[in-house]
Undergrad: 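Take this structure, written in structure tokens, and hold onto it; I'll ask about it next.
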Amino acid sequence: YGRDRFVRVCSVLTGKLRRAYDESLHVFNELQKSDNPAYKLEAIDFGRRMAVEKELNNAENAPPSNAVFDESGHFILYATMLGIKIVNLETNRLLRILGKVEHTERFLTISLYQDKPKVAASYQVGGGKSVVQEDPTIACAAFKKQRFYLFSKREPEDNDADSSVGRDVFNERPSRVEAVVTAPAAGTLGTGCVLHTTMGDIHIKLFPQECPKTIENFSTHCRHGYYNGLIFHRV
């Protein structure tokens, strides 16, 4: 997985290039204009992902992306702007994109586990013999996220009545930016600001007395350049 966003697969015996996949921003722009449902995203979602991708390109200490093969060597897996792609090297076809619905995460480094787990869900067959099922699992990290993610055949259950079931999104240490946002503000809050856009300036009136926490969060984001270069579609 090169810094130029090309995934290159070479033969070990000959050293010749076998496959090359272009995962640059230009390709995703062209795919967004097409009618292919495998790549098509909502306009707002696509703009958000493009902004994260540009931030990733400019980040100096971002973890590198990688590509992994399955045990057979016929399939390759790697993370892209859309999610984790699974490609059949023999037929040169895209089989699946994992994590496409996770529009707030940009997956980077991944690893693949393909064995029978020591502790796993089992089922009874015939005479009552317990059979352990294989459960291939992908573990990956994401850009600017302090957690790791797992993909498997099993889907998380949605049970609002039981908070112990499903994803635990609160058991995570806040990032440095989030800690600054939630910290007490130094000094008084402003009563107005100006957004400079390509279509002109937008003057915003703030009400710190009525909603101090909202104004504090918004002001902190402004000071740290969160809105710089950000795409928005309506006011």
Undergrad: Report the residues that fulfil side chain to side chain donor-acceptor pair (under 3.5 Å) with His26, sequence neighbours left out, ordered by chain and then residue number.
TA: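 Not a single residue meets the side chain to side chain donor-acceptor pair (under 3.5 Å) criterion with His26.
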Undergrad: State the CE-CG distance between Met81 and Leu41, to the nearest 0.5 angstrom.
TA: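 The distance works out to 6.5 Å.
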Undergrad: Using 0.5 Å steps for rounding, measure from the OG atom of Ser34 to the CG atom of Asn29.
TA: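 So the gap between those two atoms works out to 11.0 Å.
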Undergrad: Quick one, Leu25 and Lys54 - any side-chain contact, counting heavy atoms below 4.5 Å?
TA: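 They are in contact (side-chain heavy atoms under 4.5 Å apart), so the answer is yes.
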Undergrad: How far does SG of Cys193 sit from NE2 of His203, to the nearest 0.5 angstrom?
TA: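 If we round to the nearest 0.5 Å, Cys193:SG and His203:NE2 are 10.0 Å apart.
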Undergrad: Search all heavy atoms of Ala38 against all heavy atoms of Ile97 and return the closest pair with its distance.
TA: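 Distance-wise, the nearest heavy atoms are O-CD1, 3.6 Å.
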Undergrad: Can you give me the closest heavy-atom contact between Pro37 and Lys100, atom names plus distance?
TA: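 Where Pro37 meets Lys100 most closely, the heavy atoms are O-NZ, 3.1 Å.
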Undergrad: Minimum heavy-atom separation for Ile86 to Leu94, with atom names?
TA: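 Heavy atoms of Ile86 and Leu94 come nearest at O-CD1, 3.6 Å.
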Undergrad: Side chains of His74 and Thr91, heavy atoms from C-beta outward: is any pair under 4.5 Å?
TA: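 In short, these two side chains do not touch, never coming nearer than 4.5 Å.
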Undergrad: Before you tell me yes or no, could you show the steps for Glu90 and Arg18 under salt bridge (Lys or Arg N to Asp or Glu O under 4.0 Å), namely the whole-Å CA-CA distance, both residues' side-chain angles and the distance that decides it to 0.1 Å?
TA: CA-CA 10 Å; Glu90 303 301 326; Arg18 183 181 175 189; 2.8 Å; yes
Undergrad: How far does CD1 of Ile138 sit from CG of Leu77, to the nearest 0.5 angstrom?
TA: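 Separation between the atoms: 5.0 Å.
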Undergrad: Restricting to side chain to side chain contact (heavy atoms under 4.5 Å, CB included), what partner residues turn up for Val52, sequence neighbours left out?
TA: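 Expected list: Arg106, Phe143.
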Undergrad: Is any side-chain heavy atom of Leu112 closer than 4.5 Å to a side-chain heavy atom of Phe69?
TA: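 When only atoms from C-beta onward are counted, Phe69 and Leu112 do not touch, as no gap falls below 4.5 Å.
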Undergrad: Can you hop from Ile204 to Ile215 via hydrophobic side chains spaced under 4.5 Å?
TA: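 Shared cluster, yes.
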Undergrad: How does the hydrophobic cluster around Leu150 look, that is, which other residues are in it when side-chain heavy atoms under 4.5 Å mark a link?
TA: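 Besides Leu150, the hydrophobic cluster comprises Phe148, listed by chain and residue number.
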Undergrad: Who are the side chain to side chain contact (heavy atoms under 4.5 Å, CB included) partners of Lys40, not counting sequence neighbours?
TA: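 Applying side chain to side chain contact (heavy atoms under 4.5 Å, CB included) to Lys40 gives Gln32.
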Undergrad: Out of Asp22, Thr80, Asn57, which one pairs with Arg5 under the side-chain hydrogen bond (donor to acceptor under 3.5 Å, both in side chains) rule?
TA: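 Per the side-chain hydrogen bond (donor to acceptor under 3.5 Å, both in side chains) rule, the option paired with Arg5 is Asn57, out of Asp22, Thr80, Asn57.
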Undergrad: Looking at residues at least two apart in the chain, or sitting in another chain, which of them share a ring-ring contact (aromatic ring centres under 6.0 Å, His included) with Phe218?
TA: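 For Phe218, the residues satisfying ring-ring contact (aromatic ring centres under 6.0 Å, His included) (neighbours in sequence not counted) are Tyr227.
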Undergrad: So how far is it from His196 NE2 to Asn228 CG, rounded to the nearest 0.5 Å?
TA: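 Here the rounded value is 10.0 Å.
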Undergrad: Can you sort out the partners of Glu210 under salt bridge (Lys or Arg N to Asp or Glu O under 4.0 Å), two or more places apart, ordered by chain and number?
TA: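 Counting only residues at least two positions away or on another chain, Glu210 forms no salt bridge (Lys or Arg N to Asp or Glu O under 4.0 Å).
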Undergrad: Search all heavy atoms of Leu108 against all heavy atoms of Pro63 and return the closest pair with its distance.
TA: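 Shortest heavy-atom separation between Leu108 and Pro63 comes out as CD1-O, 3.6 Å.
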Undergrad: For residues 61-88, which residue pairs pass the salt bridge (Lys or Arg N to Asp or Glu O under 4.0 Å) check, not counting sequence neighbours?
TA: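 Qualifying pairs, neighbours excluded: Glu23-Lys85.
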Undergrad: Report yes or no: do Leu98 and Val87 belong to one cluster of Ile/Leu/Val/Met/Phe/Trp/Tyr joined by side chain heavy-atom distances under 4.5 Å?
TA: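 Different clusters.
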Undergrad: List the residues meeting side chain to side chain donor-acceptor pair (under 3.5 Å) with Thr214, not counting sequence neighbours, and say none if there are none.
TA: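 Checked Thr214 against side chain to side chain donor-acceptor pair (under 3.5 Å); zero matches.
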Undergrad: Restricting to non-hydrogen atoms, name the atom on Val7 and the atom on Ala67 that form the minimum distance, rounded to 0.1 Å.
TA: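 The answer is CG1-CB, 4.5 Å.
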Undergrad: Residues in side chain to side chain contact (heavy atoms under 4.5 Å, CB included) with Asn58, at least two apart?
TA: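 Expected list: none.
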Undergrad: If I compare all heavy atoms of Cys140 with all of Phe151, which pair ends up nearest, and what's the gap?
TA: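 That closest heavy-atom pairing would be SG-CE1, 3.7 Å.
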Undergrad: Are Leu82 and Met50 connected, step by step, through hydrophobic side chains (Ile, Leu, Val, Met, Phe, Trp, Tyr) whose heavy atoms are closer than 4.5 Å?
TA: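 Yes; Met50 is reachable from Leu82 via cluster members.
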Undergrad: Keeping Arg19 on the side-chain end and Val9 on the backbone end, is there a donor-acceptor pair under 3.5 Å?
TA: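 No; judged by distance alone, with no hydrogens or angles, the pair does not exist.
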Undergrad: Once side chain to side chain donor-acceptor pair (under 3.5 Å) is applied, do any residues pair with Tyr1, and if so which ones, sequence neighbours excluded?
TA: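 Testing Tyr1 for side chain to side chain donor-acceptor pair (under 3.5 Å), a comparison that skips the adjacent residues, returns none.
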Undergrad: Going from CD1 on Ile84 to OH on Tyr149, what distance comes out if it is rounded to the nearest 0.5 angstrom?
TA: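 Atom-to-atom, Ile84:CD1 and Tyr149:OH are 11.0 Å apart.
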Undergrad: Within the 4.5 Å heavy-atom criterion, are Pro208 and Thr191 side-chain neighbours or not?
TA: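 In contact.
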Undergrad: Tell me every residue that passes side chain to side chain contact (heavy atoms under 4.5 Å, CB included) with Leu17, counting only those two or more places apart in sequence or in another chain.
TA: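 Expected list: Arg8, Cys10, Ala20.
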Undergrad: Taking Leu206 as the starting point, is it possible to reach Ile202 by hopping between hydrophobic residues whose side chains are less than 4.5 Å apart?
TA: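 Hydrophobic grouping puts Ile202 with Leu206.
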Undergrad: With Asn66, which residues qualify under side chain to side chain donor-acceptor pair (under 3.5 Å), at least two apart?
TA: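 Partners of Asn66 by the side chain to side chain donor-acceptor pair (under 3.5 Å) criterion come out as none, since no residue qualifies.
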